[in-house]
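Written out below as structure tokens is the structure these notes cover.
Proteins get letters first, then strands, A, B, ... in listed order; numbering begins at 1 in each.
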There are 2 protein chains.
Amino acid sequence: MGTSLKPTHTRSPALPPLPDPQHVDCRGVASVLARVGDKWSVFVIMMLGDGPKRFNELKRMINGISQRMLTLTLRGLERDGLVTRTIFPTIPPRVDYELTDLGRGLQQPVKALGQWAADHLQQIEAARTRFDTRNSA
Amino acid sequence: MGTSLKPTHTRSPALPPLPDPQHVDCRGVASVLARVGDKWSVFVIMMLGDGPKRFNELKRMINGISQRMLTLTLRGLERDGLVTRTIFPTIPPRVDYELTDLGRGLQQPVKALGQWAADHLQQIEAARTRFDTRNSA
DNA sequence: CCGTATCCCCATAGATACTG
DNA sequence: CAGTATCTATGGGGATACGG
């Protein structure tokens, strides 16, 4: 947004326009990035890429996630409108989670990032080893 | 939506090949995503987009970051080979941080993600409000 | 089967003070 | 100017047990 050019408080000569984390846009964007950086969210989003899944189905697919964390992660994604939660009042109960259009949209940039990460993992790990070696010596 | 018309859940008795977070690739990718999800890393990477910056220059640009956090963030980025640290043994001392080629490469997918976040922030915030309203009632 | 509730640990962020 | 050192506190995340 090109927010109006209000000459703020005339405090400092010129405030940086974009990089202020307190700025609304930055904070909003950061909150989305935080979700991506979330330990489990990305995995869940990827799992749901090929159709709806049930709770325990997801739990089994994502090896290592606790029931609690899966619930919290799904709630967070649901809250952000990225997945839908559908309850089938059967016995035993059944709940399906499915990506929304918004969630599917997020998949692309996330995949791009994941692709980049996979492509450069070698370089990064090499850099880490080098750094650790230099520093531990 | 267009997901293939899977007749059933074809419950595979075997283990899923890709989505195991314990798998090396997944963990590696996750570690990169974690860095992106880091509260400050993305800001720093963006700040360095237009040339090298000094420590306090960055600190001033990123409103709200503490000295400690900036140091830790920069160390992490340096460790991953995303930024370089150049010391000028002058008085007073001067240290320049600059994006490496690797770091510049990471900028693109990150920008794409940031762009998506900015584009859909309205939708997400609306979803959050709706969810919170429904749930608090 | 699908969650919520509780307890506990420790990793991390912030504030502050000090050094090269 | 550019850090390091130290302390504290907040909360993320795992394990477990119980409820609908």
Identify, with sequence neighbours excluded, every residue that meets salt bridge (charged side-chain N to carboxylate O under 4.0 Å, His left out) alongside B/Arg130.
none

Checking A/Asp38 now: which residues fulfil salt bridge (charged side-chain N to carboxylate O under 4.0 Å, His left out) with it, not counting sequence neighbours?
none

Expressed as a whole number of angstroms, how long is the span from B/Phe88:CZ to C/dG20:C1'?
19 Å

What distance separates B/Ile45 CD1 from B/Leu82 CG, expressed to the nearest 0.5 Å?
5.5 Å

Let me check something: any side-chain donor-acceptor pairs from residues 47-59 of chain B under 3.5 Å, sequence neighbours excluded? List them with distances.
{"from": "B/Lys53", "atom 1": "NZ", "to": "B/Asp50", "atom 2": "O", "distance (Å)": "3.3"}
{"from": "B/Lys53", "atom 1": "NZ", "to": "B/Gly51", "atom 2": "O", "distance (Å)": "3.4"}
{"from": "B/Glu57", "atom 1": "OE1", "to": "B/Arg54", "atom 2": "N", "distance (Å)": "2.9"}

Sequence neighbours left out, what passes salt bridge (charged side-chain N to carboxylate O under 4.0 Å, His left out) with B/Arg128? Give chain and number order.
A/Asp80

Return each pair, listed once, that meets side chain to side chain donor-acceptor pair (under 3.5 Å) where at least one residue sits in residues 66-76 of chain A; pairs must be two or more places apart or across chains.
none

Atom NZ of B/Lys53 to atom P of D/dC1: distance rounded to whole Å?
17 Å

List in chain and number order the residues that pass salt bridge (charged side-chain N to carboxylate O under 4.0 Å, His left out) with B/Asp101, two or more places apart in sequence or in another chain; answer none if no residue qualifies.
B/Arg104

Quick tally for nucleotides 2-18 of chain D: nucleotides whose base has a protein heavy atom under 4.0 Å get B, sugar-phosphate-only ones S, the rest -, giving BBB-B------BBB-B-

How would you list, by chain and number, every residue that makes a side-chain contact (heavy atoms from CB on, under 4.5 Å) with B/Ala30, sequence neighbours excluded?
A/Phe43

In DNA chain C, consecutive runs of at least three Watson-Crick or G-U pairs below 3.5 Å, as range with range, amount to C:1-20 with D:1-20

